[in-house]
Amino acid sequence: MDLARDLSEPQRRAVLHDEGPLLVLAGAGSGKTRVITYRVARLCAEVGVIPWRILAVTFTNKAAGEMRERVRRLLGPDAGQIWLGTFHATCARLLRRWPGPAGLQPDFTIYDDDDSRTLIARVIKDLDIDPALCPPREVQARIDRAKQDGRGPDDLPVRSSLDELARRVYAEYDARLRQLNAADFGDLLVLTVRMLERHEPLREELRERFQHLLVDEFQDTNRIQFRLIELLLNERRNVCVVGDDDQSIYRWRGAEVKNILEFDRRFPGTVVVRLEQNYRSTRNVLAAAAAVVRKNVSRHPKELWTANPAGEPVKVVLAGDEREEAGAVARLVAAAQAEGLALADQAVFYRIHAQSRVLEEALRGRNIPYVVVGGFRFFERAEVKNLLAYLRLLVNPADDVSFLRIVNVPVRGVGKVSAERLADHARAAGLPLAAAAARAGDIADMPAAAARALTALAGQLSAWRDALVEGPGEVARRVFDESGYRQALENDRSPDAETRLQNVQELLGSIEEWTLEHSEPTLSGYLEHVTLQTAVDELDGKAADRLPLMTVHSAKGLEFDTVYVAGMEDGLFPYGLRQDELHDQRERQARLEEERRLAYVAMTRARRRLWLLHSAHRQLFGGIQAYPPSRFLGDLPKDAIEEAVLPGARQASAWTEPQPAARPAWSRGGPARGDRGRSGPVVVRRAPRTQPQPWNDPAPPTVEQEICQTMAEAAGLAFRVGDRVRHPRFGVGRVVDLETGAELKIAVEFPGWGRKKLIARFVERV
DNA sequence: AACCAAAAAATTTTT
DNA sequence: TTTTTTGGTT
Ligand SMILES: Nc1ncnc2c1ncn2[C@@H]1O[C@H](COP(=O)(O)OP(=O)(O)OP(=O)(O)O)[C@@H](O)[C@H]1O
């Protein structure tokens with residue numbers, strides 16, 4: 001470990017900081033994560049802190065894995081002992097070790113978002129509340145928020161009838177979770193905090209145990225996470241937090257920037273270290289990003305400079321529609337790859353997942369391998385969740401949500417009515433569904449066929465449970481075969497049945513693989529690993545070279561040589577500021593600032609090259625609309641950027657007939673009335689911009705020509721303005737312009753024939 | 001109970 | 001536009 005070589009002077013100060021609270025507040029790419037990594041390594045190697053006495057929290061499992069790997073390189077195998085993970089994973093680990101004090105039983109199930117919503121819907125039904133008055137999504141959001149703030153049902157404000165309903169549902173939902181021996185994501189934090197608050201001996205034990213706490217990305221922690229840190233700190237207060245208030249992008253799910261901005265007030269005596277040098281990006285990239293975030297009013301101004309070269313200007317590209325935009329991205333990626341830049345060193349970002357599809361199509365069209373991070377995740381697919389539900393039921397027989405999921409998968413003649421009867425009976429008898437199913441014959445009004453199926457299922461479940469000793473992989477395979485689910489999928493003649501079968505096979509493979517990688521593999525451990533996966537975990541490096549596609553949120557903390565941001569339009573990025581939906585001006589302002597920070601995060605992921613693309617028109621959620629360029633593009637310093645207009649956007653006037661309301665087609669109740677606000681897609685009438693350069697003009701090629709050129713090169717058609725070409729009919733001429741479209745076209749000036757537009761592949765270079 | 005067609009809803013961002 | 005829910009038929 002060579003601190004002098006690997007760290008700047010302020011970084012070293014943070015790494016060498018002795019005891020007491022430490023705050024590293026610094027801009028993007030300034031080496032904050034490196035500080036945590038080296039500090040952990042040094043605490044172990046030089047200060048002599050025992051690795052398992054260190055707790056370091058990262059934002060994603062992937063970040064944790066990378067940090068562990070780096071520490072391992074600095075420290076050796078002891079790195080495996082460090083408590084290193086996300087808040088959720090860390091809490092799950094604590095709760096697994098001390099389930100009792102938290103009010104759980106060992107092998108409790110962790111419910112993901114979906115499971116939790118399912119249970120909430122069920123509770124609403126059981127409480128005889130009209131679901132129309134009380135949408136499960138809405139209630140779930142309230143419960144989540146409450147848990148993030150560490151509030152129970154009785155702490156909820158009651159200002160409306162929905163508040164009152166939500167409070168009742170929350171109370172019953174929590175009671176149900178305990179009954180089912182389950183915890184939702186929020187509970188992982190809530191139960192851990194409550195356990196520490198209420199059990200002094202355990203609190204003291206853990207305070208004694210963890211001599212040092214370190215938290216990365218502290219700007220996006222919420223109240224209960226802050227509380228957890230407070231509870232774990234002993235009188236030496238060895239806590240090191242790092243973050244950047246400009247990168248706080250999770251306010252919407254309860255993150256409190258205050259946690260970092262007021263950290264030194266909450267912990268008097270905090271040593272504050274600022275890092276002002278960016279090591280990641282070129283000067284142009286940094287200047288562009290800084291110009292966007294600088295406009296925020298509520299921020300702590302900070303210095304950020306770089307010794308890196310100015311590099312290429314940031315490219316701003318206007319496309320006619322989302323397909324042209326996607327095509328341009330695909331071509332640029334291919335061109336960069338042809339120049340030797342691996343796909344994994346590039347990345348495409350977007351504001352919302354719905355944008356990925358058209359990009360995927362364009363990439364498939366060019367045979368560019370890609371991976372979509374987040375979105376519809378593998379473990380969220382119905383067929384995968386079905387098998388997982390069986391497995392969860394083996395580990396936790398009280399898991400009624402899982403039972404209801406699989407009770408008729410594969411179809412075994414237990415329909416809605418029978419399932420409902422079973423549930424009523426179980427509730428009256430105070431039994432879990434699986435236990436009630438074992439004696440289904442005793443239930444009044446239960447059809448004989450359904451009763452037989454239920455008893456058989458119960459029998460199978462207990463047989464598989466007995467087989468758990470054979471290992472997770474073996475049991476999973478048996479469940480898939482013996483439940484008849486495999487048969488059902490094989491017999492299914494629908495077009496995507498094959499994919500579903502493959503997905504389940506992949507799940508079985510994933511279980512085997514996980515089993516091999518762990519010394520004491522338990523099914524319960526695997527299930528936890530699956531549920532606590534974060535989006536970017538899929539990006540683990542060992543796979544083949546693929547282009548990552550992700551939302552800007554998922555990109556936080558990552559870096560790539562070249563970054564493409566698609567959809568830089570007002571109404572899409574910034575998103576969600578529509579005046580007619582969001583009346584509260586303060587809230588609007590706060591959201592706009594968060595969108596700005598989001599743009600800052602997106603741009604500062606780029607090391608060398610940054611492309612910002614936007615479309616004049618876009619089809620999203622059904623309807624086609626005109627979108628003005630993102631206001632963030634207007635903030636970019638002119639001397640750090642270069643603008644280009646793709647052919648589809650040049651004949652803009654043809655496109656700008658008045659568009660109806662700027663809202664999703666499905667919610668449109670006629671044209672929008674009144675003020676649409678400054679945000680959101682509006683009708684734009686854009687004069688065609690930059691004319692193509694005359695061929696004899698000495699000016700350097702415009703970006704659009706450059707784009708066309710890189711695209712052409714990628715297609716194996718390397719034409720530049722000025723090249724001499726031969727055409728079978730017109731003879732030899734000189735290229736004066738390039739144009740993209742479905743086919744690359746070039747404009748050629750032929751002596752005697754004049755200027756001709758030709759499809760490039762019919763022309764030969766001479 | 002199972003299946004299919006028609007109607008309704010949904011779209012930020014995620015652990 | 002796509003996905004989920006519903007209602008009606010077999
Ligand atoms: N002292 C240094 N000298 C050279 N390179 C460094 C130094 N410190 C960090 N880097 C490099 O700079 C890049 C950014 O570092 P790091 O990810 O630690 O920054 P960060 O502040 O956590 O970034 P962000 O907040 O944007 O996620 C990395 O590629 C890292 O290897």
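The distance from atom CG of D114(A) to atom C1' of dA10(B) is 15 Å, rounded to the nearest whole Å. Put simply, CD on E569(A) is 15 Å from C1' on dT12(B), counting in whole angstrom units. Q140(A) places its CD atom 15 Å from the C1' atom of dA10(B), with the value rounded to the nearest Å. The separation between R137(A) atom CZ and dT14(B) atom P is 13 Å, rounded to whole Å. Summarising the geometry, the separation between CD on Q619(A) and P on dT1(C) is reported as 6 Å, rounded to the nearest angstrom. Between the CG atom of L572(A) and the P atom of dT13(B) there is a distance of 11 Å, given to the nearest Å. Summarising the geometry, the separation between CG on D113(A) and P on dT13(B) is reported as 12 Å, rounded to the nearest angstrom.
dT13(B) sits 15 Å from dT4(C) when the P atoms are compared, rounded to a whole Å.
Comparing dA1(B), dT1(C), dT13(B) by their nearest atom to the side chain of R357(A) picks out dT1(C). Side-chain proximity of R591(A) to the nucleotides dT15(B), dT12(B), dT2(C) is greatest for dT12(B). Nearest nucleotide to the R253(A) side chain, out of dT1(C), dT14(B), dT13(B): dT14(B). Nearest nucleotide to the F185(A) side chain, out of dT12(B), dT2(C), dT15(B): dT15(B). You'll find that the side chain of T86(A) is closest to dT15(B), out of dT15(B), dT13(B), dA2(B). Nearest nucleotide to the Y250(A) side chain, out of dT14(B), dT1(C), dT2(C): dT14(B). Relative to the side chain of T551(A), the nucleotides dT13(B), dT2(C), dT15(B) differ in distance, and dT13(B) lies closest.
Summarising the local packing, CZ of R405(A) is surrounded by more than 12 heavy atoms from other residues, nucleotides or ligands at distances under 6.0 Å.
Between W252(A) and dT13(B), a base-stacking contact is recorded: ring centres under 5.5 Å apart, planes less than 30° from parallel.
Aromatic ring orientation, F59(A) versus Y250(A): tilted (interplanar angle from 30° to 60°). Using cut-offs of 30° and 60° on the angle between ring planes, the pair Y526(A) and H529(A) is tilted. Using cut-offs of 30° and 60° for the angle between ring planes, the F349(A) and F560(A) rings count as perpendicular.
Shown here, dT6(C) forms a base pair with dA5(B); the pair counts as Watson-Crick or G-U wobble because both key distances fall under 3.5 Å. Of the nucleotides present, none pairs with dT12(B) by Watson-Crick or G-U wobble criteria with both distances under 3.5 Å.
Each of L532(A) and N408(A) lies near DNA chain B, and the nucleotide nearest N408(A) is the one positioned closer to the 5' end. Looking at which nucleotide of DNA chain B each of H88(A) and G413(A) is closest to, the 5′-most match is held by G413(A).
Within the 4.5 Å cutoff, the side chain of Y173(A) has no heavy atoms near those of the Q140(A) side chain.
The cationic group of R93(A) lies under 6.0 Å from the six-membered ring centre of W83(A) and within 45° of the ring axis, placing it in a cation-pi geometry.
Applying the 4.0 Å criterion to OP1 and OP2 of dT14(B), one finds that S554(A) has a side-chain N or O inside that range. Between dA1(B) and S418(A), a contact under 4.0 Å exists linking OP1 or OP2 to a side-chain N or O. Note on N61(A): every side-chain N or O is 4.0 Å or more away from OP1 and OP2 of dT15(B).
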